[in-house]
Amino acid sequence: MLDFSILTTNMDSFLEGLKITIIASLIALLGSFILGTLLAVMRIAPFKPLNWLGTAYVEFIRNIPVLVIVFFAYLAGNFGGMTAGTIGLTIYTAAFIAEAIRAGIMSVPRGQMEAARSTGLTYGQAMRMVILPQAIKIVIPPLGNQFINLVKNSSLLAVVAGGDLMYQGDLISAKTYVTFDTYVFVALFYLILTIPLSLGVGYLEKRLARSH
Amino acid sequence: MIVFNQVNKFYGDFQVLKDINLTIKQGEVVVVIGPSGSGKSTLLRCINHLETISDGTLTVNGISVGDKKTDINKLRRNIGMVFQHFYLYPHKTVLENITLAPMKALGQSEKEAKETARLYLDKVGILDKAESYPSQLSGGQQQRVAIARGLAMKPEIMLFDEPTSALDPEMIGEVLDVMKTLAREGMTMVVVTHEMGFAREVADRIVFMDAGKILEEAVPAEFYENPREERARLFLSRILNH
């Protein structure tokens with residue numbers, strides 16, 4: 001039977017960790033969405049050096065464990081654990097989001113770009129006003145999945161003392177010696193976040209499938 | 001106005017356009033016909049630089065199309081284009097489809113752009129669909145919106161790349177009617193099409209292409225009554241007698 005006193009006596013710590021996990025995930029989502037969009041456009045822009053740069057980033061970052069990237073972010077700057085962890089997560093997730101957005105852009109018919117360019121819009125205008133709004137629709141479900149991964153990966157903040165849910169779990173288990181039960185509660189808190197997200201993504205997928 | 005001078009184009013080793021010499025004057029309606037893969041669409045797409053030429057020169061109003069110093073966006077504002085598959089922006093209303101380029105490329109105010117858009121929507125006969133989305137329109141209606149989108153930039157030249165090939169047979173007439181009106185009003189038009197009736201009635205000149213070359217140029221009456229080239233004769237007999 002689970003020792004619920006672990007939960008009740010340490011509720012403040014759990015909630016503090018939950019808050020940090022949510023904040024770090026949201027910031028990393030926003031950051032990696034912006035960076036990922038930029039990278040995706042770089043990879044398909046009609047300018048070779050940008051393509052190479054974008055490809056190099058994606059291939060490099062995707063093939064390094066996220067734990068190592070978080071460590072590097074921590075060691076590279078004079079940041080606190082939460083900031084370093086969030087930066088590491090952003091750098092890592094951006095590579096995956098870039099690929100999702102690139103796939104979205106590629107799935108927009110080439111004629112859309114040609115039609116927009118033929119009216120005298122610049123490449124940037126056509127991309128921003130015609131291609132990306134269509135691509136985003138296609139990309140929302142995979143983006144949702146990336147966000148769920150992001151929430152789970154944010155547990156790596158614990159290794160750089162980021163103050164997140166996993167880190168609070170570490171502290172509580174070290175303090176109480178009740179390791180198993182503590183991490184069960186940690187897992188439950190993660191589920192509180194990820195299950196609604198997962199259902200939300202499923203709902204969006206269904207709705208978008210119907211609108212096309 | 002549009003001058004091809006010894007234009008060649010290659011895709012790798014494959015030559016799509018061979019020694020093209022063609023001059024299109026202001027107000028002229030030129031219909032390009034020929035079997036598929038003959039380079040008709042490529043020829044058309046070179047004019048607004050959707051395709052680049054490999055050598056020779058191509059000028060529009062005396063401006064070299066492929067030149068690095070040419071502001072291609074400025075040039076394109078003067079050349080409207082209509083595609084086989086319309087390519088309306090699905091996330092924008094009919095009105096927004098038409099006002100986008102005038103607002104962003106010409107810097108028109110939203111009010112001015114909307115007024116112009118309504119004018120052209122009325123001209124193509126679907127003003128009542130201004131607030132609809134493209135997916136709510138029939139193919140013929142979508143293509144007419146695409147024509148209005150091109151016209152809203154007030155271009156001197158309109159390019160049509162098989163504008164009726166993707167339409168239900170019943171919708172072809174309404175699109176051709178709009179194109180005929182444009183031609184009558186003196187628009188410079190280059191049209192790639194298989195609509196022989198339209199070509200015969202509206203074209204000032206027929207350009208017949210095969211295997212990347214222009215084989216014959218003639219006024220419609222001459223071309224249809226008595227084509228000089230054997231290949232053109234064969235092509236005509238196949239598409240007129242099926």
Side-chain angles (χ1 to χ4, degrees), chain A residues 33-34 36-37 40-41 44-51 97 100-144 203-212, chain B residues 41 44-52 71-92 96-108 113 117 133-135 142-143 145-155 157-162 166:
Chain A
F33 180 69
I34 294 168
T37 306
V41 172
I44 57 157
F47 186 57
K48 283 270 168 346
L50 278 183
N51 301 162
I97 289 188
I101 291 181
R102 189 172 72 108
I105 292 173
M106 303 294 269
S107 69
V108 176
R110 205 167 63 111
Q112 288 285 326
M113 177 56 98
E114 291 183 346
R117 293 303 308 275
S118 75
T119 60
L121 295 179
T122 64
Y123 180 84
Q125 287 174 324
M127 189 49 92
R128 228 172 40 246
M129 292 177 269
V130 175
I131 308 300
L132 285 177
Q134 296 182 57
I136 291 305
K137 251 190 176 173
I138 301 163
V139 171
I140 284 174
L143 228 51
Y203 171 74
L204 270 176
E205 263 171 355
K206 260 194 217 125
R207 248 193 53 175
L208 288 171
R210 237 181 298 144
S211 77
H212 265 282
Chain B
S41 286
L44 192 76
R45 292 160 56 85
C46 285
I47 297 172
N48 68 349
H49 203 55
L50 286 182
E51 302 283 351
T52 53
D71 181 350
I72 189 61
N73 296 318
K74 194 174 159 204
L75 191 72
R76 280 173 175 158
R77 285 177 222 153
N78 196 29
I79 309 174
M81 184 155 187
V82 175
F83 299 83
Q84 181 178 357
H85 297 288
F86 334 131
Y87 295 130
L88 296 181
Y89 316 134
H91 59 300
K92 291 184 179 291
E96 289 166 349
N97 262 273
I98 302 174
T99 56
L100 182 68
M103 284 167 63
K104 301 297 173 185
L106 296 178
Q108 286 182 10
Y133 281 89
S135 59
Q142 289 191 49
Q143 193 60 301
V145 172
I147 294 174
R149 178 173 68 182
L151 292 175
M153 294 293 286
K154 303 200 167 74
I157 301 166
M158 285 289 285
L159 308 176
F160 294 85
D161 190 1
E162 303 206 24

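Chain naming here is simple, since letters A, B, ... match the order of the sequence lines and numbering starts at 1 in each. Remember, it's a predicted structure, so these values are computed and weren't measured experimentally.
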Colleague: Checking heavy atoms, do the side chain of A:Q125, its backbone, both or neither come under 4.5 Å from chain B?
Modeller: side chain
Colleague: For the CD1 atom of B:I98 and the OG1 atom of A:T119, what is their distance to the nearest 0.5 Å?
Modeller: 12.0 Å
Colleague: Determine the minimum heavy-atom distance between B:Y87 and A:P109, stating which atoms define it.
Modeller: CE2-CB, 4.1 Å
Colleague: I'd like to know which of B:D71, B:L50, B:I79 tops the heavy-atom pair count under 4.5 Å against chain A.
Modeller: B:L50
Colleague: Between A:Q112 and B:L88 (side chain of the first, backbone of the second, donor and acceptor by atom type, cut-off under 3.5 Å), is there such a pair?
Modeller: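 Side chain of A:Q112 to backbone of B:L88: a pair is present.
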Colleague: In terms of heavy-atom pairs under 4.5 Å, which option from B:H85, B:M81, B:K104, B:Q84 contacts chain A the most?
Modeller: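 Of the candidates given, the most pairs with chain A belong to B:K104.
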Colleague: Does a donor on one side chain sit under 3.5 Å from an acceptor on the other, for A:R117 and B:N48?
Modeller: no
Colleague: Considering all heavy atoms of both residues, which atom of A:Q134 and which atom of B:P90 are nearest to each other, and what is their separation?
Modeller: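 Here A:Q134 and B:P90 meet closest at OE1-CG, 3.3 Å.
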Colleague: Would you mind checking which part of A:R128 comes under 4.5 Å of any heavy atom in chain B, side chain (CB onward), backbone (N, CA, C, O), both or neither?
Modeller: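 Looking at A:R128, nothing touches chain B.
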Colleague: Counting only non-hydrogen atoms closer than 4.5 Å, does B:Y89 touch chain A with its backbone (N, CA, C, O), its side chain (CB onward), both, or neither?
Modeller: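 Interface part for B:Y89: both.
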Colleague: Against chain B, label A:A116 side chain, backbone, both or neither, depending on which of its atoms sit under 4.5 Å from a heavy atom there.
Modeller: both
Colleague: Calculate, to the nearest 0.5 Å, the distance between atoms NE2 and OG belonging to B:H49 and A:S118 respectively.
Modeller: 13.5 Å
Colleague: Which atoms of B:K92 come close to chain A, meaning under 4.5 Å heavy atom to heavy atom: side chain ones, backbone ones, both, or neither?
Modeller: side chain
Colleague: Quick one: what part of B:H91 sits under 4.5 Å from any heavy atom of chain A, side chain, backbone, both or neither?
Modeller: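 Contact with chain A is through the side chain of B:H91 alone.
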Colleague: I'd like to know which of B:A105, B:A146, B:P102 tops the heavy-atom pair count under 4.5 Å against chain A.
Modeller: B:A105
Colleague: Check whether B:L106 gets within reach of chain A through its side chain, its backbone, both or neither, counting any heavy atom under 4.5 Å.
Modeller: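 Looking at B:L106, nothing touches chain A.
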Colleague: What is the minimum heavy-atom distance between A:L121 and B:N73, and which atoms define it?
Modeller: O-OD1, 3.4 Å
